Novice: 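Would you mind keeping the following structure in view while I ask a few things?
This is a predicted model, so every value here is computed, not measured. For the single chain, residues carry numbers from 1 onward in sequence order. Computed from heavy atoms alone, side chains included, the values below leave out hydrogens, waters and symmetry copies.
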Amino acid sequence: MNKDVDVSKLTFEQLKKIRLHLKKMIEVGGSDLHVKANAVIRARINGNIVQFSGGILTKEDALIFAKELLKGRFGEFVAKKELDLVYPYDENNRFRVNIFFQMDGVSAVFRVIPIKIPSFEELYLPDIVKSFTQRERGLVLVTGVTGSGKSTTLAALINEINLTKKKHIITIEDPIEFVHKDRNCIINQRSVGQDTLSFGTALRAALREDPDIILVGEMRDQETINLALHAADTGHLVFSTLHTVDAKETINRIIAQFPTDEQNRVRLSLAGVLQGVVSQRLIPTVDGKRRAALEVLVRTPTIEKLILENRDYEIRDAIEAGKEHYKSQTFDQAILDLYNEGIISKEEALNNATSASDVELKMNGLISGTIADMAEENEVPKVEISSDDDDIFDLK
């Protein structure tokens, strides 16, 4: 395959066709456009994949499309077999693109990046999530599967700090999605591959660049996790993401990245710096849209103790027990609230619940709403919460 592209010979006809599909997706409020060789064009609308085109994109046309999209980076694409980039459609719309080879040829997925950063109110994020922006140091993680809105939540957190504080913020992303303009803060955004060689390289450099806040696009390896924990431990506020389904798995995933003989050290470090974990699931609503259900772990002495003592299996119960006092919540509590408010259907609530049987029992009023309530009825052991927790997390 010829890696060299003579841009002067490109007609950009295939890219123009894809742009028409992008325009249509923007108009109908879709989130992802799927372009695949030897297939029709499809898009994700309100969580569902729907057909957009009537004709098949041939293998040859898909390859031409790749050359028209990438131009001088086509050789890099051929060498790496996959590539991330940001495609600016116009001044109001941008897309995060992953283009890759598959058995039939070239495929690409275009993900919408809103130009306007949504507010906490527009995202329906609870006040406890906003309160993480008030932390002066520590680690805050936003987790969830691909497409669950992690980047949008992180953008809202950074934007809130930008509007309300005077800090130096460094973001390390792959690629940069939301663009932040300096407001009250200085914000330096670095793209892996373009502005820095790796997350680890950028993180080590960041510690010498006088940051107050560091956003790490993803904690994907030992080096990045170690550096993020070190940055949080040395007086910085660090935000990052993991592809994990809930708070318990997030803690397990971080610790499991390390050899057994290092895991106690990592537990000690994580227990000392973790301020919170926000895990997300997007659920279809009764009006045909989607709403994020959030599990929120808030640092308390109880949570710190459970992490230190390798009692991760008790974390979900501790989160549930802290709902009234600390505003923490499990997925099932969040989902039950959305159902009781008439935002999601019973079917979607049960489909997305961690324990559908428990949620259904609570819907029918057969068991109490929280672990603490059930403890009073002597159904389960009560989770003890120290009175010192108020010193750790101020909920004014």
Novice: Could you check whether any side-chain heavy atom of Ile172 comes within less than 4.5 Å of a side-chain heavy atom of Val192, counting everything from C-beta outward?
Specialist: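 Result yes, sub-4.5 Å side-chain heavy-atom pair found.
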Novice: Taking atom NZ as the centre, does Lys9 end up with more than 12 heavy-atom neighbours from other residues, nucleotides or ligands that are less than 6.0 angstrom away?
Specialist: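 Atom NZ in Lys9 is not packed in, count stays at 12 or less.
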Novice: Looking at Glu68 and Lys16, does any basic side-chain N land under 4.0 Å from a carboxylate oxygen?
Specialist: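 No salt bridge links Glu68 with Lys16.
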Novice: Considering the options Glu82, Gln102, Lys36, which one meets the side chain to side chain donor-acceptor pair (under 3.5 Å) requirement together with Ser107?
Specialist: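 Exactly one pass, corresponding to Gln102.
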Novice: Looking at Lys323 and Asp337, does any basic side-chain N land under 4.0 Å from a carboxylate oxygen?
Specialist: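 Salt bridge flag = yes for Asp337 with Lys323.
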Novice: Please give me the minimum heavy-atom distance between Gly149 and Leu282, naming the atom from each residue.
Specialist: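 Residues Gly149 and Leu282, closest heavy atoms: N-CD1, 4.5 Å.
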Novice: Should we count NE2 of His230 as having more than 12 external heavy atoms under 6.0 Å?
Specialist: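 Incorrect, the count does not exceed 12.
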Novice: Rounded at 0.5 Å granularity, tell me how far CG in Leu33 sits from CD1 in Ile45.
Specialist: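 Rounded to the nearest 0.5 Å, the CG-CD1 separation comes to 8.5 Å.
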Novice: Closest heavy-atom contact between Gly322 and Ser328?
Specialist: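 It is C-OG, 3.2 Å.
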Novice: Between Tyr87 and Arg111, does any side-chain donor sit less than 3.5 Å from a side-chain acceptor?
Specialist: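 Their side chains do not contain a donor-acceptor pair, so the 3.5 Å distance test is not met.
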Novice: In the structure I gave you, are the side-chain heavy atoms of Asp84 and Val97 within less than 4.5 Å of one another anywhere?
Specialist: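 Heavy-atom side-chain distance check fails, nothing below 4.5 Å.
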Novice: Please round to the nearest 0.5 Å and tell me the distance separating atom CD1 of Ile335 and atom CG of Leu350.
Specialist: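 Reported value, rounded in 0.5 Å steps: 9.0 Å.
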Novice: Show your reasoning for whether side-chain contact (heavy atoms from CB on, under 4.5 Å) applies to Thr152 and Phe178.
Specialist: CA-CA 8 Å; Thr152 306; Phe178 291 89; 3.7 Å; yes
Novice: Is there side-chain contact between Arg281 and Thr354, with at least one heavy-atom pair below 4.5 Å?
Specialist: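 Yes, side chains in contact.
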Novice: Under 4.5 Å between side-chain heavy atoms, hopping through other hydrophobics if needed: is there a path connecting Val245 to Phe331?
Specialist: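 As far as the 4.5 Å side-chain criterion goes, Phe331 and Val245 are not connected within one cluster.
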Novice: What pair of heavy atoms forms the shortest contact from Lys165 to Asn184, and how long is it?
Specialist: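 Nearest heavy atoms, Lys165 then Asn184: O-CB, 2.9 Å.
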Novice: Compute whether any side-chain donor of one residue and acceptor of the other, for Glu295 and Gln329, lie under 3.5 angstrom apart.
Specialist: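 Checked: Glu295/Gln329 side chains show no N/O donor-acceptor pair below 3.5 Å.
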Novice: One thing to verify: whether Lys327 and Asp127 come together as a salt bridge, which I'm taking to mean a side-chain N less than 4.0 angstrom from a carboxylate O.
Specialist: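 Salt bridge: no.
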Novice: Are the side chains of Glu348 and Leu338 in touch, meaning some heavy atoms are under 4.5 Å apart?
Specialist: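 Of all side-chain heavy-atom pairs linking Leu338 with Glu348, none is under 4.5 Å.
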Novice: Before you tell me yes or no, could you show the steps for Arg290 and Ser148 under side chain to side chain donor-acceptor pair (under 3.5 Å), namely the whole-Å CA-CA distance, both residues' side-chain angles and the distance that decides it to 0.1 Å?
Specialist: CA-CA 10 Å; Arg290 291 192 293 173; Ser148 59; over 6 Å; no
Novice: Give me the atom names and distance for the closest heavy-atom approach of Leu294 to Pro126.
Specialist: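 Looking at all heavy atoms of both residues, the closest pair is CD1-CD, 3.4 Å.
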Novice: Set out, in order, the CA-CA distance, both residues' side-chain angles and the distance that settles side-chain contact (heavy atoms from CB on, under 4.5 Å) for Leu157 and Phe120, then state yes or no.
Specialist: CA-CA 8 Å; Leu157 288 162; Phe120 282 90; 3.7 Å; yes
Novice: Could you check whether Asp90 and Asn93, counting side-chain N and O atoms only, form a donor-acceptor pair closer than 3.5 Å?
Specialist: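 There is such a pair between these side chains.
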Novice: Measuring from Lys166:NZ to Ile161:CD1, what's the distance to the nearest 0.5 Å?
Specialist: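 So the NZ of Lys166 and the CD1 of Ile161 are separated by 15.5 Å.
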Novice: Assess whether atom CD of Glu91 is packed by more than 12 heavy atoms of other residues, nucleotides or ligands within 6.0 Å.
Specialist: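 No, CD of Glu91 has 12 or fewer neighbouring heavy atoms, counting only those of other groups under 6.0 Å.
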Novice: Have Ser198 and Arg204 got a donor and an acceptor in their side chains that come within less than 3.5 Å?
Specialist: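 No, no side-chain donor-acceptor contact under 3.5 Å.
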Novice: Quick one, Leu270 with Leu139, criterion side-chain contact (heavy atoms from CB on, under 4.5 Å). Give me CA distance, side-chain angles, the key distance, then yes/no.
Specialist: CA-CA 8 Å; Leu270 184 61; Leu139 177 66; 4.0 Å; yes
Novice: Take Glu76 and Lys71 through the test salt bridge (Lys or Arg N to Asp or Glu O under 4.0 Å) and record every step on the way to the result.
Specialist: CA-CA 10 Å; Glu76 180 185 356; Lys71 294 180 283 191; over 6 Å; no
Novice: When the ring planes of Tyr89 and Phe95 are compared, do they come out parallel, tilted or perpendicular, using 30° and 60° as the limits?
Specialist: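 The rings of Tyr89 and Phe95 stand perpendicular, inter-plane angle above 60°.
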Novice: Between Lys17 and Glu13, does any side-chain N to carboxylate O distance fall below 4.0 Å?
Specialist: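 Salt bridge between Lys17 and Glu13, a charged N being under 4.0 Å from a carboxylate O: no.
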Novice: Side chains of Asn98 and Arg96, heavy atoms from C-beta outward: is any pair under 4.5 Å?
Specialist: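 No, every pair of side-chain atoms sits at 4.5 Å or beyond.
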Novice: Is there side-chain contact between Arg265 and Asn226, with heavy atoms separated by less than 4.5 Å?
Specialist: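 With C-beta onward as the side chain, the pair touches.
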Novice: Could you tell me which non-hydrogen atom of Arg94 sits nearest to which non-hydrogen atom of Ile176, and how far apart they are?
Specialist: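 Result for this residue pair: NH2-O, 3.7 Å.
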Novice: Indicate whether the side chain of Glu218 and that of Ser240 have a donor and an acceptor atom separated by less than 3.5 Å.
Specialist: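 There is no such pair between these side chains.
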Novice: Give a yes-or-no answer on whether the side chains of Arg267 and Asn310 include a donor-acceptor pair shorter than 3.5 Å.
Specialist: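 Yes, a side-chain donor-acceptor pair sits under 3.5 Å.
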Novice: So, Glu27 and Lys24, do they make that salt bridge, N to O below 4.0 Å?
Specialist: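 So Glu27 does not pair with Lys24 through a salt bridge.
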Novice: Verify the neighbour count for atom CD of Glu324: are there more than 12 heavy atoms of other residues, nucleotides or ligands below 6.0 Å?
Specialist: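 Not buried by this count: 12 neighbours or fewer within 6.0 Å.
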Novice: Output yes when a side-chain donor or acceptor of Thr201 lies under 3.5 Å from a complementary backbone atom of Leu197, and no otherwise.
Specialist: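 Not confirmed, Thr201 side chain does not pair with Leu197 backbone.
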Novice: Please walk me through it: do Arg137 and His236 pass side-chain contact (heavy atoms from CB on, under 4.5 Å)?
Specialist: CA-CA 5 Å; Arg137 61 190 63 83; His236 305 88; over 6 Å; no
Novice: Once rounded to the nearest 0.5 Å, what's the spacing between atom NE2 of His168 and atom CG of Asp210?
Specialist: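 Result: 7.0 Å between the selected atoms.
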Novice: Could you tell me whether Asp6 atom CG has more than 12 heavy atoms of other residues or ligands within 6.0 Å of it?
Specialist: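 Yes, the 6.0 Å shell around CG holds more than 12 heavy atoms from other groups.
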Novice: Phe74 and side-chain contact (heavy atoms from CB on, under 4.5 Å): which single residue from Ile99, Leu69, Leu63 fits?
Specialist: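 Only match with Phe74 under side-chain contact (heavy atoms from CB on, under 4.5 Å): Leu63.
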Novice: Would a 4.5 Å heavy-atom cut-off, applied to side chains only, mark Lys181 and Arg183 as touching?
Specialist: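 In short, these two side chains touch, coming nearer than 4.5 Å.
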Novice: Over all heavy atoms of both residues, which pair between Ala349 and Tyr339 is shortest? Give the atoms and the distance, please.
Specialist: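 Minimum heavy-atom contact is CB-CB, 4.3 Å.
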Novice: Is there a path of hydrophobic side-chain contacts, each under 4.5 Å between heavy atoms of I/L/V/M/F/W/Y residues, joining Ile115 to Leu85?
Specialist: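 No; tracing contacts between hydrophobic side chains, which count when under 4.5 Å, never links both residues.
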Novice: With a 4.0 Å cut-off on N to O distance, would you call Glu136 and Lys167 a salt bridge?
Specialist: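 Here Glu136 pairs with Lys167 in a salt bridge, since their nearest N and O are under 4.0 Å apart.
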Novice: List for me each residue that meets salt bridge (Lys or Arg N to Asp or Glu O under 4.0 Å) alongside Lys59, sequence neighbours excluded, and say none if there are none.
Specialist: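 Result, salt bridge (Lys or Arg N to Asp or Glu O under 4.0 Å) vs Lys59: none returned.
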Novice: Honestly curious: do Val296 and Leu123 fall in one hydrophobic cluster under the side-chain, below-4.5 Å linking rule?
Specialist: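 They do share one cluster, since a chain of ILVMFWY contacts under 4.5 Å joins Val296 to Leu123.
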Novice: Looking at residues at least two apart in the chain, or sitting in another chain, which of them share a salt bridge (Lys or Arg N to Asp or Glu O under 4.0 Å) with Glu249?
Specialist: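 Glu249 satisfies salt bridge (Lys or Arg N to Asp or Glu O under 4.0 Å) with Arg253 only.
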Novice: Side chains of Ile170 and Glu209: closer than 4.5 Å at any heavy-atom pair?
Specialist: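 Yes, close enough: below the 4.5 Å cut-off.
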Novice: Can a salt bridge be assigned to the pair Asp174 and Arg220 using a cut-off of 4.0 Å between side-chain N and carboxylate O?
Specialist: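 Judged by the 4.0 Å cut-off on N to carboxylate O distance, Asp174 and Arg220 do form a salt bridge.
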Novice: Taking atom types as modelled and ignoring hydrogens, do the side chains of Ser279 and Thr143 form a donor-acceptor contact shorter than 3.5 angstrom?
Specialist: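 Side chains of Ser279 and Thr143: pair found under 3.5 Å.
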Novice: At what distance, to the nearest 0.5 angstrom, does CG of Leu215 lie from CD1 of Ile187?
Specialist: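 Leu215 CG to Ile187 CD1: 10.0 Å, rounded to 0.5 Å.
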Novice: Do Glu347 and Ser345 have a side chain donor and acceptor closer than 3.5 Å?
Specialist: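 Side-chain D/A pair, Glu347 to Ser345: absent.
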Novice: Look up atom CD in Glu173 and atom CG in Leu154, then write down how far apart they are to the nearest 0.5 Å.
Specialist: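 Rounded to the nearest 0.5 Å, the CD-CG separation comes out at 8.5 Å.
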Novice: For the residue pair Thr330 / Asp332, report whether a side-chain donor-acceptor contact shorter than 3.5 Å exists.
Specialist: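 Side chains of Asp332 and Thr330: no pair found under 3.5 Å.
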